[in-house]
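Following: one structure in structure tokens, then a few remarks.
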Amino acid sequence: MRKLVYYIATTLDGFIAGPDGADPTGPDGFWPIPEDYIQHLVTEYPETLPVHARAALSVTARGTHFDTVLEGRRSYEIGLKAGITDAYPHLRHLVFSRTLAESPDPAVELVAGDPVDKVRQLKQEDGKDIWLLGGAELAGALYGEIDQLVFKMTPLTIGAGIPVFSHKAAFDPRGWELTGHTVLDSGAAFVTYARATGN
């Protein structure tokens, strides 16, 4: 069965964006992206690079981890504000929203229903794993369905912001087993955890 993987960049203090929710790596962002971090993405997770980055880096590899990406409306709207209606045309792209009336892009599938039901359906289908891009509210809603965590940790703290999981997530302690880690010279680390047996 396919796994739901929350593959997300986070600060050391557990935030995925600043308090305003804007792209922290954008032109006005506070999150520096070192060269070895980019090269690791190109080598290990090329399918997670958005279309403009793939073009700039001449990346054509489809990748080995994911063939489907899920994101919430707020995360999707970051791309829309930059004029990008489908940042991941090389993946099946689903956006969860109860407020968007129609998709701005014919290749982007809107899901207005229960995200848990949709993810359970996706897990039963054939294919590679499912990438939960974010944001925090969707991750909180899907907390119980996440099979693997891949944290791209940057050596940065910001004190306050959007957490890895929304504060709306239910209190539900879970154990995780470390299954892999890569520490880059820049100090960034890719840390992978699988849901512990029995969780």
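Counting begins at 1 with the first residue of the sequence.
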Problem set entry | Residues which pass side-chain contact (heavy atoms from CB on, under 4.5 Å) with Asp185, listed by chain and number, not counting sequence neighbours | Asp36
Problem set entry | Contacts of type side-chain hydrogen bond (donor to acceptor under 3.5 Å, both in side chains), residue Gln39, not counting sequence neighbours | Glu35
For this session: Starting at CE of Met1, measure out to CG of Leu122 and round the result to the nearest 0.5 Å.
Result: 12.0 Å
Exercise. Any chain of hydrophobic side-chain contacts (each under 4.5 Å) joining Leu57 to Leu184?
Worked result: yes
Exercise. Between Glu71 (side chain) and Val95 (backbone), is there a donor-acceptor pair under 3.5 Å?
Worked result: no
For this session: For Ile8, enumerate each residue passing the side-chain contact (heavy atoms from CB on, under 4.5 Å) test, keeping only those at least two apart in sequence or located in another chain.
Result: Tyr6, Ile16, Phe151
Exercise. Listed by chain and number, what are the salt bridge (charged side-chain N to carboxylate O under 4.0 Å, His left out) partners of Asp20, not counting sequence neighbours?
Worked result: none
Problem set entry | Sidechain-backbone polar pair: Arg54 side chain, Pro46 backbone, donor-acceptor under 3.5 Å | yes
Problem set entry | Stepwise salt bridge (charged side-chain N to carboxylate O under 4.0 Å, His left out) test for Glu137 and Arg74 | CA-CA 9 Å; Glu137 285 197 25; Arg74 288 189 182 98; 2.8 Å; yes
For this session: Ignoring hydrogens and angles, tell me if any N or O in the side chain of Ser97 forms a donor-acceptor pair with the backbone of Leu100 under 3.5 Å.
Result: yes
Exercise. Got a sec, which residues hit salt bridge (charged side-chain N to carboxylate O under 4.0 Å, His left out) with Arg120, two or more places apart in sequence or on another chain?
Worked result: Glu145
Exercise. Quick one: side-chain hydrogen bond (donor to acceptor under 3.5 Å, both in side chains) partners of Ser166, sequence neighbours excluded?
Worked result: none
Exercise. Does a side-chain heavy-atom distance below 4.5 Å link Thr179 with Tyr193?
Worked result: no
Exercise. Can you list the steps and then say if Leu138 with Leu132 is a side-chain contact (heavy atoms from CB on, under 4.5 Å)?
Worked result: CA-CA 8 Å; Leu138 183 58; Leu132 172 56; 3.7 Å; yes
Exercise. Considering the options Lys123, Lys3, Arg2, which one meets the salt bridge (charged side-chain N to carboxylate O under 4.0 Å, His left out) requirement together with Asp129?
Worked result: Lys3
Problem set entry | Closest contact, heavy atoms only, Glu177 versus Thr197 | OE2-N, 3.9 Å
For this session: Check whether any side-chain heavy atom of Leu4 sits under 4.5 Å from a side-chain heavy atom of Leu70, and report yes or no.
Result: yes
Seminar exercise, completed: Correct closest heavy-atom pair for Ile146 and Arg195 would be O-NH2, 2.6 Å
Exercise. Would you find a donor on one side and an acceptor on the other, under 3.5 Å apart, between the side chain of Tyr45 and the backbone of Phe66?
Worked result: no
Exercise. For Glu102, what residues pass the side-chain contact (heavy atoms from CB on, under 4.5 Å) criterion, not counting sequence neighbours?
Worked result: none
Exercise. Do Phe96 and Tyr76 come within less than 4.5 Å of each other through their side chains, counting heavy atoms only?
Worked result: no
Problem set entry | Residue list, side-chain hydrogen bond (donor to acceptor under 3.5 Å, both in side chains) with Thr48, at least two apart or on another chain | Tyr7
Exercise. Mind checking whether Leu149 and Thr192 have side chains closer than 4.5 Å, heavy atoms only?
Worked result: no
For this session: Hey, could you give me each pair passing ring-ring contact (aromatic ring centres under 6.0 Å, His included) that has a residue in residues 9-32? Not counting sequence neighbours.
Result: none
Exercise. What is the minimum heavy-atom distance between Val116 and Asp114, and which atoms define it?
Worked result: N-OD1, 3.0 Å
Pairs under 3.5 angstrom only: tabulate donor-acceptor contacts from the side chains of residues 152-163 to other protein residues two or more places apart or in another chain.
none

Exercise. Side chain of His181, backbone of Phe190: donor and acceptor closer than 3.5 Å?
Worked result: no
Exercise. Does the side chain of His65 reach to within under 4.5 Å of the side chain of Trp131, using non-hydrogen atoms?
Worked result: no
Would you tabulate the side-chain donor-acceptor contacts of residues 77-87 under 3.5 Å, counting partners in other chains and residues two or more places apart, or write 'none'?
from	atom 1	to	atom 2	distance (Å)
Glu77	OE1	Arg73	NH1	2.9
Glu77	OE2	Arg73	NH1	3.3
Thr85	OG1	Asp105	OD2	2.6
Asp86	OD1	Tyr88	N	3.1
Asp86	OD1	His93	ND1	2.7

Problem set entry | Cationic N near anionic O, under 4.0 Å, Glu109 to Arg92 | yes
Seminar exercise, completed: In short, Leu49 meets Leu41 closest at the heavy-atom pair CD2-CD1, 3.9 Å
Exercise. Quick one: do Val69 and Val150 end up in the same hydrophobic cluster if we chain Ile, Leu, Val, Met, Phe, Trp and Tyr together by side-chain heavy atoms under 4.5 Å apart?
Worked result: yes
Exercise. Of all residues at least two apart in sequence or in a different chain, which pass the salt bridge (charged side-chain N to carboxylate O under 4.0 Å, His left out) check with Lys128?
Worked result: none
Seminar exercise, completed: Heavy-atom closest pair (Ala22 atom, Ala17 atom, distance to 0.1 Å) is O-CB, 3.9 Å
Exercise. Does Val191 belong to the same Ile/Leu/Val/Met/Phe/Trp/Tyr cluster as Leu133, with side-chain heavy atoms less than 4.5 Å apart forming each link?
Worked result: no
Exercise. Which one of Ile130, Val119, Val111, Leu110 satisfies the side-chain contact (heavy atoms from CB on, under 4.5 Å) criterion with Leu94?
Worked result: Val111
